[in-house]
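What follows is a set of notes on a single structure, which appears directly below.
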Amino acid sequence: MVELTQLPAWQTLWEHFVEAKQLHMRDLFASDPQRAERYALEVGGLFLDYSKNRITDSTLRGLMALAREAGLPARIKAMFRGDKINSTEQRAVLHVALRNRTNSPIMVDGEDVMPKVNSVLERMGKFAHAVRSGEWLGYTNQPITDIVNIGIGGSDLGPLMVCRALKPFAHPRLNMHFVSNVDGAQLKETLKKVHSETTLFVVESKTFTTQETLTNALTARDWFVHRARDEKAVAKHFVAVSTNQKAVADFGIDPSNMFEFWDWVGGRYSLWSAIGLPIMLYLGEENFTELLNGAHIMDQHFSNAPFEQNMPVLLAMIGIWYINFYGGGSHVITPYDQYLHHFPAFIQQLDMESNGKQTTLAGKAVEVETAPIIWGETGINGQHAFFQLLHQGTHISPIDLIASLTNCSSLPGHHEILLANVFAQAEAFMRGKTEQEARAELTQQGWQGEALEALVPHKVFNGNRPSNMLLMDLLNPRNLGSLIALYEHKIFVQGVIWQINSFDQWGVELGKQLAKTIQAELLGQPLSPEHDSSTRHLIELYRQANQRGCT
Ligand code: F6P
């Protein structure tokens, strides 16, 4: 494999960058009245306006050439075909199979995975129907009113984000709770809100070895058995989702209450699998299917559309332009939609755990920056918090602005304010305010002389700050499915360009290993001589504090 920095398109892009970095988007818009129209794209229910980026036709040509030279067409085919592209774990990467609505065969180790996928979906559907209809009864013969999902990372963030995003579609009897943190506060506060007789616990863990999840699940089980006074009642109130049947059985959950998935589903890509069970319970089978349909629309688009009109490829390559050429190592996600409150955190795991890598597939150190730092918050709140930095700070942080067009709020006036703000922010980021404009505005307000001149520099906005506008008609299951799949594929494309494996996560291991030793030391075992002086001191502080107790 030719190294990224040796590819001809990479060199050409650097030559182009020397000129391109002088351009201002204001001028690009002024010189091309068709720019907004030309740099826009619609896929399913998603509309992308990428015109407010520091790009020209030459930039896009160069970026698409780079995608081709980096072997993207073959890598896309390999993923959809079920090749073991997760090379460090020798696994296929097939979240696309989970939403393969055409059911065309996808082979892993000589076996078509689609029958397994469909059979688990069917079991999930039956179970969800039983719970939602009130047919599934708790140990005192009452229907379920509360579902507590216990899981962390990919076994939490996806279901959490989707359930919160699609709350208006939820079953009116069901309340959905999520417990991920091993800090007992989260479980304690959740258990205060639910009753053992009407609560279903869904324990989700791909490996079923994750300490946080197993600790929370054990505590929840004890809490439950203490109230039900009958071990057998657990079967009505605990189900598990995992790839590890043995560990589920060892934990004490009847394997008939287990929903399986497979090692070719990455944790952060797993909401489409049985990990989506809480989504199906809360929103119903039909809405879950719509979520899958939406993702499938994006999958088909991604695998078939020419790169120049391919939404994930465009977003990914424009991202590469900023990360690797402008040196902008941060990317902001701002939904202008309260229901998408958890979307930035979900994308943060998806992107940073996938592409936060420093070693290429060939085992060499990468020569370029990889994953950006993903952060964000609902847009309107962000405006009153961190947008100052985005407008006048010294970083380049491209921003994705996400909103729904149709006003579905029963509260008059709110949606217009929301949408006016998202459009205004994109315009402000692009256009900025020149010194001349700032001076004219202040003069009109009555400022003059020294006071005027002192204030002018502070009122200048350079503009030329990139943003992508992603719009949906409505935030519904289908559009959300497409939106999530869009980001999944964008991240995959960037991983291909950087020649890294986006589907392992060895970087999370070291901390886990060290925590095991330290946990024993907190409980009184002698300190390991291998600790540095800072870690030893921290452990001592813990011991002293716990001798004093909580009073
Ligand atoms: O530690 C990171 C991680 O392995 C994530 O990749 C994963 O989503 C999360 O932990 C939870 O893992 P599991 O589903 O196996 O409990």
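For ligands, and for the atoms within them, numbers begin at 1 and follow the listed sequence.
- Remark: Lys188 engages no residue in a salt bridge (Lys or Arg N to Asp or Glu O under 4.0 Å) (not counting sequence neighbours).
- Taking CG of Leu157 as the start and NE2 of His342 as the end, the distance is 9.0 Å to the nearest 0.5 Å.
- Side-chain N/O atoms of His331 and Asp400 include a donor and acceptor closer than 3.5 Å.
- Counted by atom type alone, Asn244 and Ser242 present zero donor-acceptor pairs between their side chains at under 3.5 Å.
- The OG atom of Ser180 sits 10.5 Å away from the CG atom of Leu187 when rounded to the nearest 0.5 Å.
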What are the polar N/O contacts of ligand 1 with the protein below 3.5 Å, with distances?
residue  : atom   : partner : partner atom : Å
ligand 1 : 1 (O)  : Lys512  : NZ           : 2.9
ligand 1 : 6 (O)  : Glu353  : OE1          : 2.8
ligand 1 : 6 (O)  : Glu353  : OE2          : 3.4
ligand 1 : 8 (O)  : Gly154  : N            : 2.7
ligand 1 : 8 (O)  : Gln349  : NE2          : 3.3
ligand 1 : 14 (O) : Ser155  : OG           : 2.6
ligand 1 : 14 (O) : Lys206  : N            : 2.7
ligand 1 : 15 (O) : Ser205  : OG           : 3.4
ligand 1 : 15 (O) : Lys206  : N            : 3.3
ligand 1 : 15 (O) : Thr207  : N            : 2.9
ligand 1 : 15 (O) : Thr207  : OG1          : 2.6
ligand 1 : 15 (O) : Thr210  : OG1          : 3.4
ligand 1 : 16 (O) : Ser205  : OG           : 2.6
ligand 1 : 16 (O) : Thr210  : OG1          : 2.5

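- In Glu530, the CD atom is not crowded: 12 or fewer heavy atoms of neighbouring residues, nucleotides or ligands sit closer than 6.0 Å.
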